[in-house]
J.: 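One structure coming up, written as structure tokens, with questions to follow.
Convention: sequence-line order gives letters A, B, ...; per-chain numbering from 1.
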Amino acid sequence: DTGVSQDPRHKITKRGQNVTFRCDPISEHNRLYWYRQTLGQGPEFLTYFQNEAQLEKSRLLSDRFSAERPKGSFSTLEIQRTEQGDSAMYLCATGTSDTGELFFGEGSRLTVL
Amino acid sequence: QQQVKQSPQSLIVQKGGISIINCAYENTAFDYFPWYQQFPGKGPALLIAIRPDVSEKKEGRFTISFNKSAKQFSLHIMDSQPGDSATYFCAASHNTDKLIFGTGTRLQVFP
């Protein structure tokens with residue numbers, strides 16, 4: 001499979017626990033984005049990387065959220081001390097810096113009880 | 001962050017009809033306007049995209065119409081099929097920056 005891969009697809013956790021999501025990009029893509037999507041809404045930008053550099057973070061992203069992209073390949077998104085309001089689909093998208101086209105993974109659905 | 005407004009919120013079309021979804025944007029610096037299709041439980045998939053140097057782009061049954069002066073663009077689905085039933089999102093970006101998405105239109109095509 002040469003598409004964007006996300007893991008896990010579903011995660012159920014209790015409030016206060018930490019969770020981590022992983023995204024494996026399309027190999028030749030140098031940009032990687034994280035979006036959050038709640039039911040009935042469009043994807044909301046969280047942060048993005050160009051290679052290993054994190055270039056932008058949304059002001060909506062609380063300090064409980066952290067993302068990394070070591071070596072410019074896969075990326076992880078960690079949420080610490082989860083809250084019920086964190087329940088959402090977390091989408092990863094990748095692309096190249098010359099086209100603007102983004103290709104999304106299937107998403108990781110988080111449910112915080 | 002709501003810089004792209006999408007309408008209608010939902011749309012019901014008969015098989016064979018034309019589905020039309022509209023989007024309006026505020027930022028005149030936007031230079032890339034894609035449409036995404038999303039099925040339940042799946043990630044958004046790029047459907048068709050346009051840049052402001054053309055007023056229309058057609059790919060199969062899907063057409064984007066772009067009106068730069070009105071800051072609006074629309075998706076037309078000709079000969080709509082039940083398999084087109086999904087949620088459609090417009091989006092916009094500037095200079096290959098992050099995409100800003102609309103709120104989505106849920107399309108239902110009935111046979």
J.: Does atom CD of B:Glu59 have more than 12 heavy-atom neighbours, drawn from other residues, nucleotides or ligands, at distances under 6.0 Å?
T.: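 More than 12 heavy atoms, drawn from other residues, nucleotides or ligands, come within 6.0 Å of this atom.
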J.: Set out, in order, the CA-CA distance, both residues' side-chain angles and the distance that settles side-chain contact (heavy atoms from CB on, under 4.5 Å) for B:Asp97 and A:Tyr48, then state yes or no.
T.: CA-CA 9 Å; B:Asp97 198 6; A:Tyr48 88 96; 3.7 Å; yes
J.: Tell me, yes or no, whether the heavy-atom count around A:Ile12 atom CD1, taken from other residues, nucleotides or ligands under 6.0 Å, exceeds 12.
T.: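 For A:Ile12, atom CD1 is not crowded (no more than 12 foreign heavy atoms under 6.0 Å).
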J.: For the candidates B:Pro44, B:Pro34, B:Gly104, which exhibits the highest count of non-hydrogen atom pairs separated by less than 4.5 Å from chain A?
T.: B:Pro44
J.: Spell out, yes or no, whether B:Trp35 and B:Tyr25 are grouped together once hydrophobic residues are joined by side-chain heavy atoms under 4.5 Å, including indirect joins.
T.: yes
J.: Quick check: is B:Phe110 connected to B:Ile18 through a chain of hydrophobic side chains (ILVMFWY, heavy atoms under 4.5 Å apart)?
T.: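 No, B:Ile18 does not connect to B:Phe110 through the hydrophobic network.
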J.: Given heavy-atom pairs under 4.5 angstrom as the criterion, report whether the side chain, backbone, both or neither of A:Arg109 touches chain B.
T.: neither
J.: Decide whether B:Ile77 and B:Ile20 are clustered together by the hydrophobic rule: side chain heavy atoms of Ile, Leu, Val, Met, Phe, Trp, Tyr closer than 4.5 Å, transitively.
T.: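 Hydrophobic grouping puts B:Ile77 apart from B:Ile20.
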J.: Evaluate side-chain contact (heavy atoms from CB on, under 4.5 Å) for A:Phe104 paired with B:Leu46, printing each intermediate quantity in order.
T.: CA-CA 8 Å; A:Phe104 282 83; B:Leu46 180 61; over 6 Å; no
J.: Hey, any chance B:Phe101 and A:Met89 share a hydrophobic cluster, counting ILVMFWY side chains that come within less than 4.5 Å of each other, even indirectly?
T.: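 Linked, B:Phe101 and A:Met89 end up in one cluster.
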J.: Is B:Thr96 reaching over with its side chain to a backbone N or O of A:Asp98, donor-acceptor style, under 3.5 angstrom?
T.: no
J.: Evaluate B:Leu99 against A:Tyr33 for side-chain contact (heavy atoms from CB on, under 4.5 Å), listing each step before the verdict.
T.: CA-CA 10 Å; B:Leu99 283 175; A:Tyr33 297 75; over 6 Å; no
J.: Mind checking the CD-NZ spacing from A:Glu44 to B:Lys98? Nearest 0.5 Å is all I need.
T.: 12.0 Å
J.: Name the region of B:Gln38, side chain, backbone, both or neither, that has any atom closer than 4.5 Å to a heavy atom of chain A.
T.: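 The side chain, not the backbone.
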J.: For chain B, find its close neighbours in residues 66-75 of chain A: heavy-atom separation under 4.5 Å, sorted by number, or none.
T.: none
J.: Side chains of B:Phe89 and A:Gln37: does their closest heavy-atom pair fall under 4.5 Å?
T.: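 Sidechains of A:Gln37 and B:Phe89: in contact.
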J.: Output the distance between atom OH (B:Tyr32) and atom OG1 (A:Thr99), rounded to the nearest 0.5 Å.
T.: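 One gets 6.5 Å once the value is rounded to the nearest 0.5 Å.
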J.: Counting only heavy atoms not in A:Leu113 (residues, nucleotides, ligands), do more than 12 fall under 6.0 Å from its CG?
T.: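 Count over threshold, so yes.
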J.: Can you tell which part of B:Arg106 gets under 4.5 Å to a heavy atom of chain A, answering side chain, backbone, both or neither?
T.: neither
J.: Need one label for A:Leu91: side chain, backbone, both or neither, based on atoms under 4.5 Å from any heavy atom in chain B.
T.: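 The answer is the side chain of A:Leu91.
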J.: Look up atom CZ in A:Phe45 and atom CD1 in B:Ile100, then write down how far apart they are to the nearest 0.5 Å.
T.: 8.0 Å
J.: For residues B:Phe30 and B:Phe73: do they belong to one hydrophobic cluster (side chain heavy atoms under 4.5 Å, members Ile, Leu, Val, Met, Phe, Trp, Tyr)?
T.: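 Yes, B:Phe30 connects to B:Phe73 through the hydrophobic network.
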J.: Mind checking the CZ-CD spacing from B:Phe39 to A:Glu106? Nearest 0.5 Å is all I need.
T.: 11.5 Å
J.: Any chance CZ of A:Arg64 has more than 12 other-residue heavy atoms, nucleotides or ligands included, within less than 6.0 Å?
T.: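 Buried by this count: over 12 neighbours within 6.0 Å.
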J.: What residue in A:Glu101, A:Gln50, A:Gln6 has the most heavy-atom pairs under 4.5 Å with chain B?
T.: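 Maximum pair count with chain B is reached by A:Glu101.
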